[in-house]
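These values consider heavy atoms only, across backbone and side chains, with no hydrogens, waters or symmetry-generated copies. As the structure is a prediction and not an experimental result, all values here were calculated from the model.
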Amino acid sequence: AIQGALMGSMGLIMIGAIFQLLVVIPSNFNLLSQESMIYTSLYGVYNLTMNLLSVWFVFQLGYNYARSLKLKPMTGAIASTLNFLIVSTTGYRVIEMESLSTGFLGGPGLFIAILVGLSTVGIYNLCVKKNIVIKMPDVVPPFLSESFSAIIPLFLSVSLWLGLSVAVHSVTGVTFPELFVGLISMPLSYLTGFWGMLVLGVLIGLLWGFGIHGTMMVYVAIMPVL
């Protein structure tokens with residue numbers, strides 16, 4: 001499901017990159033002003049693709065994961081996206097939409113999107129297996145019956161992530177994404193420091209000394225983490 005969501009996002013990434021080049025290159029040669037309508041219009045495509053990458057990703061993740069579990073794919077996609085927006089935009093403590101934080105809607109929010117997407121569909125799957133769903137009479141149209149059957153799983157997953165977000169902010173004073181990124185960045189700070197890079201460099205050199213492509217071997221393990 002994660003692989004499918006990442007592969008499905010490649011088109012958006014490429015479109016965002018193309019439109020960024022269309023505005024950055026002319027502006028670097030003073031052929032296009034950053035205040036012009038053309039610049040803002042073209043750069044808007046970049047903002048709606050790359051800077052919303054995690055939103056598009058979590059939607060596809062929920063869809064693919066639900067489909068692989070023989071669940072309603074669109075229900076998994078919508079539920080995953082809703083929970084991700086609640087967590088990543090601090091939507092639980094603002095009233096006006098203009099106050100939403102969008103810093104984790106792009107690339108920095110991918111880790112959170114994976115956690116939210118997998119757990120949301122997991123709860124959905126558990127409810128279906130345990131028959132914790134609202135069942136409608138057979139005379140009710142299927143599309144309406146499916147909507148009602150998703151209410152309890154959606155309520156449980158939203159309650160989980162909403163409660164977790166509120167608890168984290170109440171205890172730590174930071175949002176859940178900020179806490180998560182801060183925790184995983186602590187060990188990486190040593191890895192990307194002088195001694196960490198020294199160890200990696202020595203290891204790469206030793207592997208090359210034994211006829212092994214040291215750079216490729218080390219980077220395969222370390223670059224996804226970085």
Side-chain angles (χ1 to χ4, degrees), residues 1-25 28 43 45-69 77 80-81 83-84 87-89 101-122 161 164-165 168 172 174-226:
I2 296 173
Q3 181 188 34
L6 287 171
M7 293 176 65
S9 302
M10 285 304 299
L12 292 169
I13 294 173
M14 294 302 297
I15 290 297
I18 291 171
F19 275 85
Q20 185 185 35
L21 290 174
L22 289 176
V23 296
V24 169
I25 294 177
N28 286 341
Y43 205 83
V45 178
Y46 171 80
N47 282 328
L48 294 174
T49 51
M50 293 295 289
N51 286 338
L52 292 180
L53 180 60
S54 291
V55 177
W56 305 119
F57 168 82
V58 75
F59 184 89
Q60 296 178 84
L61 175 60
Y63 186 94
N64 291 331
Y65 192 27
R67 185 175 61 178
S68 69
L69 295 175
S80 299
T81 306
N83 285 325
F84 174 71
V87 174
S88 60
T89 64
S101 172
T102 59
F104 285 95
L105 297 184
L110 280 176
F111 272 115
I112 305 299
I114 293 174
L115 288 177
V116 173
L118 295 181
S119 64
T120 298
V121 179
W161 282 106
L164 183 61
S165 299
V168 167
T172 65
V174 299
T175 64
F176 180 82
E178 290 171 341
L179 176 65
F180 182 82
V181 172
L183 290 176
I184 65 172
S185 64
M186 290 174 62
L188 292 182
S189 63
Y190 296 101
L191 181 63
T192 56
F194 172 78
W195 294 107
M197 287 298 173
L198 180 63
V199 170
L200 292 178
V202 171
L203 180 59
I204 289 173
L206 286 175
L207 290 173
W208 273 111
F210 286 97
I212 302 173
H213 197 308
T215 306
M216 185 63 66
M217 293 296 295
V218 173
Y219 272 29
V220 166
I222 217 67
M223 285 306 291
V225 182
L226 293 175

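Closest heavy-atom contact between Ala1 and Asn64: O-ND2, 3.8 Å. For the residue pair Ser88 and Leu105, the shortest heavy atom distance occurs at OG-CD2, 3.4 Å. Closest approach of Val55 to Val58, counting heavy atoms only: O-CG1, 3.3 Å. The shortest heavy-atom contact between Leu61 and Ile114 is CD2-CA, 3.7 Å. Closest heavy-atom contact between Ala77 and Thr81: O-OG1, 2.8 Å.
In this structure, CG in Leu110 is found 10.5 Å from CD1 in Ile2, a value given to the nearest 0.5 Å. Atom CG of Leu203 is separated from atom OG1 of Thr215 by 10.0 Å, given to the nearest 0.5 angstrom. In this structure, CE in Met217 is found 11.5 Å from CD1 in Ile204, a value given to the nearest 0.5 Å. Between the CE atom in Met50 and the OH atom in Tyr43 there is a gap of 9.5 Å [rounded to 0.5 Å]. Here the CE atom belonging to Met10 is positioned 11.5 Å from the CD1 atom belonging to Ile15, to the nearest 0.5 angstrom.
The side-chain heavy atoms of Ile13 and Leu53, taken from C-beta on, include a pair separated by under 4.5 Å.
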Dump the intermediate steps for side-chain contact (heavy atoms from CB on, under 4.5 Å) on Phe104 and Val181, then the final yes or no.
CA-CA 10 Å; Phe104 285 95; Val181 172; 3.7 Å; yes

Exercise for review: Start with the C-alpha gap between Phe84 and Thr89, add the side-chain angles, then the distance that decides, and say whether side-chain contact (heavy atoms from CB on, under 4.5 Å) holds.
Suggested key: CA-CA 8 Å; Phe84 174 71; Thr89 64; over 6 Å; no

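Thr120 contributes no side-chain N or O that, together with a main-chain N or O of Gly117, makes up a donor-acceptor pair within less than 3.5 Å. Judged by distance alone, with hydrogens and angles left aside, the side-chain atoms of Ser54 form a donor-acceptor pair with the main-chain N or O of Gly106 at under 3.5 Å.
Using cut-offs of 30° and 60° for the angle between ring planes, the Phe176 and Trp161 rings count as perpendicular.
Evaluation of the side chain to side chain contact (heavy atoms under 4.5 Å, CB included) rule for Leu12 yields Thr49, Trp56 as partners, not counting sequence neighbours.
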